[in-house]
Amino acid sequence: MKKQVTININGEDYTSEIEPRTLLVHFIRENATLTGTHIGCDTSSCGACTILIDGKSAKSCTILAIQAAGKKITTVEGLATAEGPHPLQEGFKENHGLHCGFCTPGMMLRAKELLEKNPNPTEEEIRWGISGNLCRCTGYNNIVKAIQYAGAKMRGEELPSTEPVFVE
Amino acid sequence: MGHSMKRKEDDRFVHGKGKYVDDVKLPGMLYMDIVRSPYAYAKIKNIDASEALKIPGVLAVVTGKDLEQYNLHWMPTLMSDTQMVLPTDTVMYQAQEVAAIIATEKYIARDAREAVRVEYEVMKPVVDPYKALDEDAPVLRTDKEDKKDNHIWHWEVGQKEETEKVFNEAEVVVKEQMHIPRIHVSSIETCGCVADYNKIDNHLTMYMTTQAPHAIRTVIALVAGHVGLTEEKVRVISPDIGGGFGGKVPVYPGYVIAIAASFLIGKPVKWIEDRSENLQADSFARDYHITAEMAGTKDGKILATRMKVLADHGYTDAAANPSKFPTGMFSIGTGSYDYPTAFMEADAVYTNKPPGGVAYRCSFRVTEAVHAIERITDRFALEIDKDPAQVRFDNFIKKDQFPYHSPTGWEYDSGDYHAGLELAMKSVEYDKLREEQAEKRKKGELMGIGISTFTEIVGAGPSKDFDILGIKMFDSAEIRVHPTGKAIARFGTKSQGQGHETTYAQIIAEELGIPAKDIQVEEGDTDTAPYGLGTYASRSTPTAGAAAAIAARKLRDKARKLAAYLLEVSEDDLEWEPGKFSVKGAPEKSKTIQELVFAAYTNHPQGMEAGFEATHYYDPPNLTFPSGAYICVVDLDPDTFEIKVRRFVAIDDAGNIINPMVAQGQVHGGLTQGLAPAMYEELIYDEDGNILNGTLMDYLVPTAVESPSWETGHTVTPSPHHPIGAKGIGESPTVGAPPAIANAIVDALKPYGITHLDIPITPYKIFKALKDKGVLDKPIAE
C-alpha cells in the first residue's frame, strides 16, 4: 500500500505516493529526480549516497524515505547558492579533489558537516572524518587538500596554494 | 603543455550534474534484475518462474533456454574463448547469472528475483588451480567437444636452454613462490546499461558503462547481426563513467540480456548491478601463481631470471588482452635491469570461479610481472647481503643503452633509471633511514624500507602485433574548428575520470595555438566519435593523445597555406609561434589562428577545400616505457604487527607531462590502488567455491585513513617516438607500489629470517609466518 510523503529537499517540497519500503536515496533520485546523489554499494559502506538530514550527514541508502518525511534534506544540488559555488565545490575543483566525480557529492556533503562541527580540522581529523566515504580514483591526498581549502575559505582566511607540490 | 590547468569537466561533477548511466531515464523504461547461482558448480534441474510471473508488473523471466532459440545463450570472449550469457544446463561459478527478470519497476524486479525457484544438482567444484590440472580432476568445460582437461593454453618467451645453463652454473640462485591474489577494481560506480531498441527503425541505442564504446558496437554487430542488429543500426553511448580501471572493458552477460530483452519487448531496459553482484561476478584481476627465480654473482650482478606462472582464469578465458598476448605484457618482467638471458612460461587453467583477468589498473598483467621481478631482486640482495638500492644501481639499464632490447623481445624506448632512484633516495633521505633502522633493530623495533624500480609498458599498440578480436589497436582524434575559432574535438577513447576533456584540449592548444578553454572535447558516442579502441592500459595519451597532436599539425599545415595566401608570401617565408603565423623578418605582418580559421570558411583560395577539420588515426610505432622509483617506509607494531606506512615517495618518469596536476592525481590514485592489494584486498574463496568476502563490508577498499599522504615527483625522459614525447602514467603507481610495500614489510622482518610474504600482507599473515617459523617469541635485538 502506497503512502503519501512530503520531503523538503534543498528548500523545495517534494510530494509523492511511495511504497513504505522506498529507500530515501531512491526517492531523491527517482521521485525528486535529483541524480547528483549516487549509489555505490548495497551495504552502507561507500558513502556515495551521503546527504544531509537537518544538517547531519547520513547515508541515504540506509534510511527509508518515510523516515525523512518532514525533514530538511540537502543534496549536492543544494550546495551552491545565488552567490556562487560552495567553498567545498570550489575547493574540490581547484585542488583536483575529484577524478570521475562519482563519490564527490557524498564526499562534499560529509565534509560540510565535518567543517561545520570542526572548522579547522587537522589532516588526521579530516581523514577520519571522511573514512565512511570511499574514493577509488584520487588516493585521497587532494580530497584532504580540497577540504582544507574549503575550511580556510569558510573561516575567511588566506587561501592555500592550489598548485601541485612535488618532491625534489 | 606542462600547465596545471584546472579541469574543464569538474563544474558539472561538483554540482551533481554529471550524467552517469543510472541517471538515464527513458519513457516506458523497464528494469532488469538477475537471479544468480548460490553454488559454484551445479546442474540446473529446473527453473520455476511461475510465482515470479504472478507478481503484477513482472513482464518476463528470461532463461538460457529462451536465448538459445536465438543462438544468444553463448557469446565469444575477447580472448576467443566462449562465455555463457545465461546457462541452459550448468552453472560454473557462484553468483553466475541464471535468469533475468524484466519488470516495470526496480523493486518489483527484485521481488520477482526472490520468487524464482531454481532446482540445482550441486557438484564438487574445482577451486584450486593446481588441482585443476590433476589427472582425476573433473573436466569443467564439457561444452567443448574433445576437451579432456582444464588446461587452457601454454605460453612461453625467452631462451629456455641458455637460461637453464646460466642457472646451473651461477654462484647465487634465489627462488620464491608467490601468489598475486585475485582482486577486484570495485570502481565506486558499478556496471550497468540502458538498452533501447526501437522496433520501427530497427535501431539500438545502448547507454552503457564501457571504456571501449566502438569495440562494443562492433561486438554487438558481430553477435547480433544475424537478428538484424548490423553495425549501422547500433549506437553505443558511454556517458560519464564513475571509475573504470579495466572493469568496464569486458562485455558482461547483463548487457547482452538487456539488449535481448529490449529487442524482444520493444521497450528500453535498464540494468544496474548492485555492489555485491559487481564484486562477485564481474571481471576479477590477477590470480597469478608465480615461481620466480634469479641467478647472479656473489658481488651482485644479475645474470638471468626465470618465471613460471599458473594463471587461474575461472571458467573461461575472458581476459581483455590484445589477441596475441594471452599473458598480456607479462614479458616486461625482466624489469629495469640489464642482463641477456631470461625465460618465462605460463599455463592457464579453468576453475569454478568467475571469468575475468587483467582489470585493475594493471597495463595488461604488468603488475604481476613487476611484483615478481621487484620481489626477487630484493630476495637476491638479501641473499648476497647487499643493499637493495645498490643491487639496483649495479644492474640498471643505463641511460645510453636506449633503445634497449630486452631478452624477452621488447625495445624499451627511453629511460633514466639511475636518476629516478637517486631522486627518490635523496628525497626520502635513504641513508639516514638505514641508520635509523639499524638503531631501531638494536632496540627490537621493526622498521622496514622497501624499493621498487619498475619499467612499465603502455600504449598498445603497434598494429603489426596488437589487435583485439582482429581490430588493430590504433586510436583516433577528429578536430573541427568552427568559423569563430572555437573547436570541438572527438576521440575514440573514453575518460572514466582521467580528465581527457582537459588534457586533450591542452595538447591541441599546444599544437594549434587555440586556447584550451575554447576546445570542447567529446568522447563516448559511437555515432559522432571516430573509431578507436578505448581507454585502458594507460593507452590514451600514447595513442589518442598522439592522434590529437598529429591532427592538430595537419590543421597547422592548412593554416600555413591560408596565411601564405592572405599575406601574399610563400609558405617558406612564414614562421609559426603558438597562435599565429608571421612573415619572417616582418613580424608585424601576421595572421592569428582564429583569423586563418575564419578565412577557411570565408575567404579560402580557389582550389583549397573549405572548412577547418582534420582527423588522424594513430598507429604507434612502438609502445612507450614509463618507469618509476618508489620507496616505502613502514613501521610494524612489535606486538600486534599492525603495519603503518610512515612514508611513501614515488618518482615517476612518464616523459613529457601534459598537465602536472592531473598526472599527479593519477599517481595518487594509483598508489592507493597499489596499497590496496599490498595490504588489504583479496577475493577469498572456500573449498566449495563460495566467495567469503563478496561485499564492501568485508572486501577492504582503503579509506582515507589507511591511505598515507603520498609524496610524488618526477624525472622527465621523453619518449623519442611519441609526437609530444609523452608516455602513459595512469597505471604506473598501481604497478610499482605493491612490491615497494611488500619489500618494506619483508625488510622490517629481516631479523626474523623472513624472505617473502604473499600480498596482501596483513598483521595476521605476519604473525602466522613468524609462528610457523618458530621465531615468534624470539627477541630480535640480539
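Chain letters run A, B, ... following the sequence lines, proteins first, then strands; residues in each count from 1. The shown structure was predicted, so the numbers you read here are calculated from the model rather than taken from an experiment.
Proximity to chain B at a heavy-atom threshold of 4.5 Å picks out C137(A), T138(A), G139(A), Y140(A), N141(A), N142(A) from residues 137-153 of chain A, in numerical order.
Side-chain N or O atoms of E189(B) include none that pairs as donor or acceptor with a backbone N or O of C100(A) at under 3.5 Å. Between the R275(B) side chain and the G40(A) main chain, a donor and an acceptor come within less than 3.5 Å of each other.
Residues forming a salt bridge (Lys or Arg N to Asp or Glu O under 4.0 Å) with R127(A) (at least two apart in sequence, or on another chain): E123(A).
Contact count against chain A (heavy-atom pairs under 4.5 Å) is highest for R7(B) among Q496(B), M697(B), R7(B). Interface summary for chain A: among D11(B), T190(B), L671(B), the most heavy-atom pairs under 4.5 angstrom belong to D11(B).
With a 4.5 Å cut-off on side-chain heavy atoms, F166(A) and T712(B) count as touching. By the 4.5 Å heavy-atom criterion applied to side chains, Y107(B) and L23(A) are counted as neighbours. Contact check for V76(A) versus K17(B): no side-chain heavy atoms found under the 4.5 Å cut-off.
Proximity to chain A (any heavy atom under 4.5 Å) is shown, for V667(B), by neither the backbone nor the side chain. When heavy atoms are compared at a cutoff of 4.5 Å, H86(A) does not approach chain B at all. Neither the backbone nor the side chain of T37(A) has a heavy atom closer than 4.5 Å to any heavy atom of chain B. Within the 4.5 angstrom heavy-atom criterion, only backbone atoms of E168(A) (N, CA, C, O) approach chain B. In this structure, no portion of L109(A) lies under 4.5 Å from any heavy atom of chain B. In this structure, no portion of A424(B) lies under 4.5 Å from any heavy atom of chain A.
With respect to K25(B) and E30(A), a salt bridge is recorded, a charged nitrogen being found less than 4.0 Å from a carboxylate O. Ion pairing between R136(A) and E681(B) holds under the 4.0 Å rule for side-chain N and carboxylate O.
Inspection of the T162(A) and K6(B) side chains reveals an N or O donor paired with an N or O acceptor under 3.5 Å.
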